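If you're wondering where the values come from, they're calculated on a predicted model, not measured in any experiment. Residue numbers begin at 1 in each chain, while the letters A, B, ... track the order of the sequences.
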Protein chains: 2
Amino acid sequence: MTDVFPVLRVLGMLVMLFALAMGVPLAVSWYSQDGVWQVYPLSMAVTLLVGAALVLGLRNYRRELQPRHGVMLVSLVWALLPLFATLPLMLACYQVGRPMSFTHAYFEAVSGLTTTGSTVLANLDTLPVSVNVWRTFMQWIGGMGILILAVAVLPMLGVGGSQLFKAEAAGPVKDTKLTPRMTETAKGLWGVYALFSAGCALAYWLGGMSPLDALMHMFSTVSLGGLSSHDASFGYFASPLLEGIALFFMLLASCNFALYFVAMRKGHWQGFWRDPEMRATLVALLGGGLCVAVLLWAKGIYEPLQALRHGVFHMVSVATTTGYATVDYLAWPVFAPVLMLMLSGVATSAGSTGGGIKMVRMLILVKQARRELTRLVHPNVVQPVRLGGAVVENRMIFSVMAFMLVYGGTVIVLSMLLLLTDMEPLTAFSAVIASVNCMGPGLGSVGPASNYGVLTDFQLWVCTLGMLLGRLEILSFMALLTPAFWRR
Amino acid sequence: MTDVFPVLRVLGMLVMLFALAMGVPLAVSWYSQDGVWQVYPLSMAVTLLVGAALVLGLRNYRRELQPRHGVMLVSLVWALLPLFATLPLMLACYQVGRPMSFTHAYFEAVSGLTTTGSTVLANLDTLPVSVNVWRTFMQWIGGMGILILAVAVLPMLGVGGSQLFKAEAAGPVKDTKLTPRMTETAKGLWGVYALFSAGCALAYWLGGMSPLDALMHMFSTVSLGGLSSHDASFGYFASPLLEGIALFFMLLASCNFALYFVAMRKGHWQGFWRDPEMRATLVALLGGGLCVAVLLWAKGIYEPLQALRHGVFHMVSVATTTGYATVDYLAWPVFAPVLMLMLSGVATSAGSTGGGIKMVRMLILVKQARRELTRLVHPNVVQPVRLGGAVVENRMIFSVMAFMLVYGGTVIVLSMLLLLTDMEPLTAFSAVIASVNCMGPGLGSVGPASNYGVLTDFQLWVCTLGMLLGRLEILSFMALLTPAFWRR
Ligand SMILES: [K+]
Ligand SMILES: [K+]
């Protein structure tokens, strides 16, 4: 049992860091006079207090963490930080006379931090602006990963970061081509992220958004989060220019940030352009977008240019797991939204801010399947699986396979739980897939023109669990359930 | 090109054998005087002629077959035999004034031979009885596999059988624990099949069916085919006794026939009862049945005993990929039919007459995933994957993984094709899953109380392709598409 104490001590530090993050909506609240500024110092105080209690109470458990601790910490962080995040949400909403239940607030907080971007709130435009800033800022924090931030910051506090980094970095290809010094890497990744963020906010502002809208939509664009301060989502702006800017930054954020970091450090981009995952991701996104555009045009829904605009924007938005919408795409021929939802499972890179299975896993599986087909015909030919010139170890293939099974199992079990509540199957499966992929809007009654407020509390908890499992890349969480984990 | 000639020669022999099979409906037609007996000699003549032309025309291409020939032959057999099977169907239906299009007839023939048991025909009860016998007899032939039959018979004709057997036997565990002499094995499997068939027909007849009904339902029970001569399917009999008999033989047929063969030859059954796949299959079927029964009772749909009767019967019927129904289970809480359909993917054994992924593949994947979870926590522990005491080779795991990917890809691509026709997603996905698993009825508008006649021709062809790919276990077919196949 004392085994968990060193983990809780580090958790305490993260909780304290998270309290500082509430300074952002506080500043906005002060500046914009939205009448709820008091809730932020209060929430910060409670959060800081809990964090400090953990750190001080467990000051004797200062140890280098083991692999199992990384798994434990990452699970605790994603489950517990949203608890603190609910404080400003619930208090502010209460103060403006629109009280929010704990279930709704926790759902909203998890949806924010995991960059899912589903919402249970309606009438977003009339919420205090600092609440919308808080919702979208959580996405920005969650996008690059709280723990990668921690790795960048915590060494000053004397905590070794390698287990944190391994547990947090998305996708199977971890720390390849990166500097062996984790802290440097984490700082580098956050540097790239900050650069993109600055560029995106500036572009939105120059493109015509108000400064605060530019800030909030930057938060939810580069994190592929997709929350908006408007009920009409990105459709509020009705601007092809802004949609183009969003498109550009969504595509940028759907690639592996380590590629940018390495390219910038080396000063040349050959490695970037040759990366097979980056290429496959962009081909899937733009190819899928063209497919949808052609369908929309062929079925007579839009004129060619409008078909291209709406088809590509929504495909990229949904498949990068962002989830912005400018029109209700559920009114389109059903092929389009289903294709978009399917691609949201695969069309982001490992090391990006997106969710889902990640393209590199699909590439590995497809290449390995192709090898097996060859073996059916030429049983004695032995070929290794190669990706981008490098041999993929069997060990990696096995781990990808385990991930796929657990991913599929999670989707099925959670969907079956929703079906137990007599939910209509299309809504149930799409809500779970959209949650597990950290995408956001589903099909059926949780589509882009609706919101998750129509769900019952039990249904919301199932989706919340889906978002958490998806962000944890499931496997980490599942490891908690194995007996081997609890045996020393 | 001449490479395909030895394959076509063997195909000719199989076509001639298939012509003989039409003798069964011919005999029934004569005996029962259903007025369409003339169509059978005509169909037989055409089929025999084509087969003989192939055999005689290619008599100089008598060679031992290579692995690639096995793949080619098995694909050709499953695609072409249904062509000949359409002859009696179309002729007899035309003669009684209910003409059938070629698309419908080919769908019906593929549905028969692949043991899927979907139908486009309504008013089955008023069809000439020999037509229903032909439909169900095709399932019986397809159940154990036309090619395994061929392996048992063809050696007399001078054709080596090992490549046929490998290409046909279902599931990844091929010819384990079986006699090395393929012909003996194939004969043994057919022996077990014949024994079960005799027992099942006798039990149905003693249980109250008419002799012809007993024959036809035996055909579609032991093959896990599920076609019936009644629109009300098994519900026509309204007999708990007959449902119990069907339940017993469906459970029997969902296990690996090689287990029975080996146990009978050895005279002891320890190996049978210890087989992990058999146990997992039965646990899934009966456990799933109990789940559904409890749900039906808890939601107040039925009294406890009726809930047990209907829950277990339909779970076993659907999940063994049989597809009999006694009530319209789409009226149940949606959890039940979806669970049943999901389990139809996994709840049959390799070497059984059922379709789908097969339980052994799931067991291998689950055990390998469990190993990976352990590795997350203890990265340096190396364990082999074990199944039933034996180590599962990496090679086998890779092949299972490739199968799963191709299976999933097939389901998605075919479903997306249906969605392109603006079909409602639940109907589209369930129709494809039910087809690929060789199960039969789906959800939505292709449920047990409806039939596939509501689909357009294009939609039927998509389902037909799904049935063929599912019966071929997909991988064999995919091999045809690889460049390596066509390179010598
Ligand atoms: K999102
Ligand atoms: K069937």
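- Per-residue counts of heavy-atom pairs under 4.5 Å with chain A were compared for B/Leu419, B/Leu339, B/Val338; the largest is that of B/Leu419.
- Contact annotation for A/Ile412: only side-chain heavy atoms (C-beta onward) come within less than 4.5 Å of a heavy atom of chain B.
- Looking at A/Leu443, there are no atoms closer than 4.5 Å to chain B (heavy atoms on both sides), in backbone or side chain.
- How far CZ of A/Phe335 is from CG of B/Leu417: 8.0 Å, rounded to the nearest 0.5 Å.
- Contacts of A/Met342 with chain B are made by side-chain atoms alone, with heavy-atom separations under 4.5 Å and no backbone atom involved.
- Considering every non-hydrogen atom in both A/Ala369 and B/Ala402, the closest pair reads CA-CB, 3.7 Å.
- When heavy atoms are compared at a cutoff of 4.5 Å, A/Leu365 approaches chain B by way of both its backbone and its side chain.
- A 4.5 Å side-chain heavy-atom check between A/Gln368 and B/Leu405 finds every atom pair outside the cut-off.
- Heavy-atom neighbours of A/Gln383 CD from other residues, nucleotides or ligands within 6.0 Å: above the threshold of 12.
- Of the two parts of A/Leu426, only the side chain, counted from C-beta on, holds a non-hydrogen atom closer than 4.5 Å to a non-hydrogen atom of chain B.
- Of the two parts of B/Leu295, only the side chain, counted from C-beta on, holds a non-hydrogen atom closer than 4.5 Å to a non-hydrogen atom of chain A.
- Here the closest heavy-atom approach between residue A/Arg395 and residue B/Glu372 is recorded as O-OE1, 4.3 Å.
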